[in-house]
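FYI, side chains are in, hydrogens and waters are out, and symmetry mates aren't considered; it's all heavy atoms of this structure. Just so it is clear, the structure is predicted and the values come from calculations on it, not from any experiment.
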Amino acid sequence: MADIGSAPVNLAPVYEAIASVQSSMPVVANTEPAPIAVTPAIGSTTQRYATADHVHPSKTRRNRLQCAADGTLTWTYPTPFDVGTVPQIQAIVETAPGVTDVLNAQVEGTPTATSCQIRITRTQRSVVSLIGLTVLSIPSSVGVQWVHLSAFG
């Protein structure tokens with residue numbers, strides 16, 4: 001039986017093997033993940049992983065705001081979109097139960113990366129009983145209305 005204590009053991013190959021394994025192990029990512037995209041892509045980085053508490057930035061902004069009595073509303077998004085982004089806007093006017101008026105929301109001008117302009121219009125509906133027609137008329141004031149807003153960038 002050989003005496004191990006009499007000859008020095010060369011551990012360099014062992015240390016090289018450990019270093020090789022360690023260098024191939026992934027490390028924690030140190031940059032923000034890419035935003036959610038309409039067209040997904042498979043990543044190409046093999047040496048990074050994301051921690052469980054990471055968050056992807058949203059491409060959607062949402063809010064529920066009241067318009068002015070004249071029907072105008074300026075919505076400044078809580079988080080701006082990237083410069084040059086023209087978000088698509090959806091606006092839905094909330095009405096109380098039993099309201100028969102038609103309330104429409106329209107985007108005025110081109111939305112920017114930071115805000116958009118909305119105009120609410122109100123049309124009153126009434127039915128003429130004798131001939132069964134529905135008559136639409138525009139009232140003088142929209143009044144303060146709640147508006148549900150979404151912006152998609």
Side-chain angles (χ1 to χ4, degrees), residues 14-153:
V14 175
Y15 293 136
E16 288 173 13
I18 291 172
S20 175
V21 169
Q22 287 177 333
S23 68
S24 68
M25 294 177 66
V27 295
V28 177
N30 58 6
T31 59
E32 180 180 300
I36 298 168
V38 174
T39 306
I42 296 172
S44 60
T45 303
T46 58
Q47 296 300 312
R48 300 270 182 215
Y49 69 91
T51 58
D53 60 350
H54 80 282
V55 177
H56 290 265
S58 175
K59 294 183 87 171
T60 304
R61 313 292 186 263
R62 294 185 181 100
N63 213 333
R64 179 178 177 254
L65 300 171
Q66 285 185 311
C67 68
D70 66 356
T72 57
L73 170 64
T74 298
W75 178 28
T76 301
Y77 319 125
T79 304
F81 289 97
D82 291 338
V83 173
T85 299
V86 179
Q88 297 174 349
I89 307 298
Q90 287 183 344
I92 301 170
V93 184
E94 182 179 312
T95 59
V99 171
T100 58
D101 292 356
V102 177
L103 293 157
N104 291 306
Q106 67 188 39
V107 177
E108 288 193 336
T110 302
T112 68
T114 58
S115 67
C116 67
Q117 303 291 321
I118 307 290
R119 178 168 301 279
I120 311 302
T121 55
R122 179 183 212 132
T123 306
Q124 293 176 330
R125 258 188 325 194
S126 56
V127 176
V128 178
S129 299
L130 296 175
I131 53 178
L133 293 176
T134 300
V135 177
L136 301 175
S137 62
I138 299 173
S140 60
S141 175
V142 171
V144 176
Q145 305 293 329
W146 283 105
V147 183
H148 298 256
L149 301 154
S150 296
F152 306 93

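- Contact detail for Leu149 and Ala91: the closest heavy-atom pair is CD2-CB, 3.7 Å.
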*asked:* Run the side chain to side chain contact (heavy atoms under 4.5 Å, CB included) test on Phe152 and Gln90 for me, step by step, so that the C-alpha distance in whole Å, both residues' side-chain angles and the decisive distance to 0.1 Å come before the verdict.
replied: CA-CA 8 Å; Phe152 306 93; Gln90 287 183 344; 3.7 Å; yes
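- Taking the side chain as every heavy atom from C-beta outward, Arg64 and Trp146 approach each other to under 4.5 Å.
- Distance check: Gln106 CD to Arg119 CZ gives 7.0 Å after rounding to the nearest 0.5 Å.
- Formation of a donor-acceptor pair under 3.5 Å by the Tyr77 side chain with backbone atoms of Thr114 is not found in this model.
- Heavy-atom minimum distance, Pro87 versus Thr112: CD-O, 3.4 Å.
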*asked:* Evaluate Leu73 against Leu65 for side chain to side chain contact (heavy atoms under 4.5 Å, CB included), listing each step before the verdict.
replied: CA-CA 8 Å; Leu73 170 64; Leu65 300 171; 4.1 Å; yes
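- Taking NE2 of His148 as the reference point, atom CD1 of Ile92 lies at 7.5 Å (rounded to 0.5 Å).
- A heavy-atom distance below 4.5 Å is found between the side chains of Val147 and Ile120.
- Contact detail for Ser141 and Arg122: the closest heavy-atom pair is O-CD, 3.9 Å.
- Between Val142 and Asp70 there is no side-chain heavy-atom pair separated by less than 4.5 Å.
- Put simply, the side chain of Glu94 does not reach to within 4.5 Å of the side chain of Gln145, judged on heavy atoms.
- Proximity of Ile118 to Cys116: side-chain heavy atoms (C-beta onward) are separated by under 4.5 Å at one or more points.
- In this structure, Arg61 contributes its side chain and Thr79 its backbone to a donor-acceptor pair below 3.5 Å.
- Taking 4.5 Å as the limit, every side-chain heavy atom of Gln88 sits out of range of all side-chain heavy atoms of Val107.
- Annotation: the span from Asn63 atom CG to Ser150 atom OG amounts to 9.5 Å, rounded to 0.5 Å.
- For Ala113 against Asp82, the heavy-atom pair with the smallest separation is CB-O, 3.6 Å.
- Annotation: side chain of Val86 is in contact with side chain of Thr110 (closest heavy-atom distance under 4.5 Å).
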